[in-house]
**Q** 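The structure under discussion is supplied below as structure tokens; questions concerning it will follow.
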Amino acid sequence: MHPGPGVGSDPGKPHTTLKESLMELGLVGLGKMGGNMRERIRRAGHTVIGYDRNPDLADVHSLEELVGKLKGPRVVWVMVPAGAATQSTIDELAELLSPGDIVVDGGNSRWTDDEKHAEELAAKGIGFVDCGVSGGVWGLENGYALMYGGSAEDVARVQPIFDALKPEGEYGSVHAGKVGAGHFAKMVHNGIEYAMMQAYAEGWELLEKVDSVTDVREVFRSWQEGTVIRSWLLDLAVNALDEDEHLDKLRGYASDSGEGRWTVEAAIDNAVPLPAITASLFARFASRQDDSPQMKMIAALRNQFGGHAVETKK
């Protein structure tokens with residue numbers, strides 16, 4: 001794990017001890033992702049004060065109490081659903097925080113909302129960083145891939161937290177650009193994810209359909225080593241087949257989180273052809289009409305990596 005800014009032996013910079021690089025963080029939203037993120041950040045030595053509407057998860061009982069417990073200049077990370085929930089949280093924080101504080105939106109907000117939120121907060125002297133977070137329910141142990149956007153100054157303030165959350169090693173986080181870039185990059189990541197899952201699902205259905213292949217699960221397992229299509233998603237597909245070899249317990253229905261749609265819309269706006277990603281999005285729409293075998297695999301994969309709910313047969 002990389003140290004925070006200033007840690008190291010660069011002779012041109014003042015020496016900063018690890019203790020001096022530790023931070024206090026306010027974290028709003030302690031669900032499947034936020035709760036594990038709080039734990040991973042704490043394991044790195046930082047102080048996290050968490051708020052959630054569920055009092056059983058929260059360290060404090062209101063945003064006002066959270067802000068009051070943090071020493072200035074504050075950093076508050078918002079990890080709530082995109083749209084109205086994020087907007088109301090940022091609106092409330094804008095009234096509670098002080099000039100020089102920073103808000104990080106780590107949810108799945110649309111990048112155009114980031115630009116609006118940054119402008120609203122800047123009017124009060126509050127910084128804003130958007131951060132796309134990938135890692136799902138596995139992030140606590142494996143780390144979270146992070147894509148963040150904002151000014152270099154604001155990103156540097158939050159960097160110790162990014163370093164605590166990212167996977168071990170050189171890669172796994174990136175300052176993608178200006179405000180909105182983090183969520184735009186995460187949106188494209190999810191679009192690619194749609195297409196990759198669709199390809200595995202189509203191949204799985206075809207293998208299941210023919211009489212000559214008698215052990216589809218072991219075919220998938222054999223691909224985990226030495227093939228050009230090996231990936232973490234393939235590993236998760238094998239996990240799902242180990243739990244339910246023919247996915248008989250699942251209904252062929254898969255939701256879309258919105259980011260696949262936004263990716264296609266952005267492609268249209270920028271005249272960029274995305275035939276594979278677009279087709280994978282439309283395939284999910286088709287799942288709402290029939291009990292699609294392919295969508296059983298898509299649903300199983302979404303449950304494996306993100307803990308997303310599945311619909312089982314009655």
Side-chain angles (χ1 to χ4, degrees), residues 31-33 80-87 107-114 132-137 145 147 180 183-210 216 220 229 231-234 236-241 243-244 246-314:
K32 285 182 296 187
M33 290 276 282
V80 301
T86 295
Q87 183 66 61
N108 282 330
S109 294
R110 188 168 179 146
W111 81 96
T112 49
D113 289 342
D114 295 327
V133 181
S134 182
V137 295
M147 297 139 271
H183 281 143
F184 194 95
K186 176 58 162 52
M187 176 194 75
V188 174
H189 165 282
N190 281 26
I192 293 169
E193 176 189 294
Y194 274 47
M196 289 176 66
M197 288 197 291
Q198 185 65 27
Y200 284 127
E202 290 175 8
W204 173 77
E205 182 180 358
L206 182 57
L207 287 166
E208 285 276 324
K209 191 74 172 179
V210 301
V216 175
F220 260 58
I229 64 167
S231 73
W232 186 44
L233 279 175
L234 178 62
L236 295 176
V238 173
N239 288 352
L241 294 174
E243 293 170 6
D244 181 7
H246 303 288
L247 303 183
D248 292 326
K249 299 175 184 176
L250 297 182
R251 187 171 158 249
Y253 177 99
S255 298
D256 66 284
S257 63
E259 288 176 301
R261 300 186 190 206
W262 299 343
T263 304
V264 172
E265 290 169 4
I268 293 168
D269 291 341
N270 290 279
V272 175
L274 300 185
I277 291 173
T278 302
S280 67
L281 174 65
F282 287 178
R284 294 200 186 187
F285 295 162
S287 79
R288 293 157 207 189
Q289 300 167 350
D290 302 299
D291 190 19
S292 165
Q294 292 171 25
M295 288 305 125
K296 292 182 180 183
M297 177 58 78
I298 299 291
L301 283 168
R302 294 180 81 242
N303 178 258
Q304 285 285 325
F305 70 73
H308 299 288
V310 296
E311 295 197 11
T312 55
K313 289 189 173 179
K314 306 207 191 277

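Just the heavy atoms: all of them, side chains too, but no hydrogens, waters or symmetry mates, feed the values below.
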**Q** Does any part of the side chain of Leu241, heavy atoms only, come nearer than 4.5 Å to the side chain of Met297, both counted from C-beta?
**A**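 Sidechains of Leu241 and Met297: in contact.
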**Q** Judged by atom type as modelled, is there a donor-acceptor pair below 3.5 Å linking the side chain of Thr312 to the main-chain atoms of Leu250?
**A**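 Looks like no, no N/O pair under 3.5 Å.
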**Q** Just how far is it from atom CD of Gln294 to atom CG of Leu206, taken to the nearest 0.5 Å?
**A**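 Reported to 0.5 Å precision, the distance equals 9.5 Å.
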**Q** Would a 4.5 Å heavy-atom cut-off, applied to side chains only, mark Asp113 and Thr86 as touching?
**A**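 Asp113 does not reach Thr86 side chain to side chain.
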**Q** Could you give the distance from CG (Asn239) to CG (Leu233), rounded to the nearest 0.5 Å?
**A**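 That separation rounds to 11.0 Å.
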**Q** To the nearest 0.5 Å, what is the distance between CZ (Arg302) and OH (Tyr194)?
**A**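 It comes to 6.5 Å.
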**Q** Write down the atom of Met187, the atom of Thr263, and the distance for their closest heavy-atom approach.
**A**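 Closest approach of Met187 to Thr263, heavy atoms only: O-OG1, 3.0 Å.
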**Q** Step through the shown structure and confirm whether more than 12 heavy atoms of other residues, nucleotides or ligands are within 6.0 Å of NZ on Lys249.
**A**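 No - once you tally the heavy atoms of other residues, nucleotides and ligands closer than 6.0 Å, there are 12 at most.
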**Q** Can you name the closest pair of heavy atoms from Ala300 and Leu247 and give their distance?
**A**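 Looking at all heavy atoms of both residues, the shortest contact is CB-CD2, 4.2 Å.
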**Q** Taking side chain as C-beta onward, heavy atoms only, is Asn190 less than 4.5 Å from Glu193?
**A**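 They are in side-chain contact.
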**Q** I'd like to know if the side chain of His183 and the backbone of Gly107 have a donor-acceptor N/O pair within less than 3.5 Å.
**A**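 It does hold such a pair.
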**Q** Out of curiosity, Leu301 CG to Trp232 CH2, how far, rounded to the nearest 0.5 Å?
**A**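 Rounded to the nearest 0.5 Å, the CG-CH2 separation comes to 10.5 Å.
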**Q** Quick one: pull up CD1 in Ile229 and CZ in Phe220 and give me the separation to the nearest 0.5 Å.
**A**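 Ile229 atom CD1 to Phe220 atom CZ measures 7.0 Å (nearest 0.5 Å).
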**Q** Between Ile298 and Gln198, what is the shortest heavy-atom contact and its length?
**A**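 Here Ile298 and Gln198 meet closest at CD1-N, 3.6 Å.
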**Q** Looking only at non-hydrogen atoms, find the nearest pair between Trp111 and Ala266 and report the distance.
**A**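 Heavy atoms of Trp111 and Ala266 come nearest at CH2-CB, 4.0 Å.
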**Q** Assess whether salt bridge (charged side-chain N to carboxylate O under 4.0 Å, His left out) is satisfied between Glu265 and Arg110, documenting all intermediate values.
**A** CA-CA 12 Å; Glu265 290 169 4; Arg110 188 168 179 146; 3.0 Å; yes
**Q** For residues Ala267 and Leu274, report the shortest heavy-atom separation together with the two atoms involved.
**A**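 Where Ala267 meets Leu274 most closely, the heavy atoms are CB-CD1, 3.3 Å.
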**Q** Can you name the side chain to side chain donor-acceptor pair (under 3.5 Å) partners of Tyr200, sequence neighbours left out?
**A**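 Here the qualifying residues are Ser231.
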**Q** Going by the salt bridge (charged side-chain N to carboxylate O under 4.0 Å, His left out) test, which pairs reach into residues 254-263, not counting sequence neighbours?
**A**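 Applying salt bridge (charged side-chain N to carboxylate O under 4.0 Å, His left out) to every pair that reaches into residues 254-263, excluding sequence neighbours, yields Lys186-Glu259, Asp256-Arg261, Asp256-Arg288.
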**Q** Step by step, would you call Arg284 with Met197 a side-chain contact (heavy atoms from CB on, under 4.5 Å)?
**A** CA-CA 11 Å; Arg284 294 200 186 187; Met197 288 197 291; 2.8 Å; yes
**Q** Heavy atoms only: give me the nearest Tyr253-Ala299 pair and the separation to one decimal.
**A**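 Shortest heavy-atom contact: O-CB, 3.5 Å.
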**Q** Does Ser280 reach the main-chain N or O of Ile277 with its side chain, forming a donor-acceptor pair under 3.5 Å?
**A**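 Judged by distance alone, yes, a pair lies under 3.5 Å.
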**Q** Quick check: do His308 and Ser255 have side-chain heavy atoms less than 4.5 Å from each other?
**A**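 Of all side-chain heavy-atom pairs linking Ser255 with His308, none is under 4.5 Å.
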**Q** State whether the side chain of Ser292 and the backbone N or O of Gly252 hold a donor-acceptor pair below 3.5 Å, judged by distance alone.
**A**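 No.
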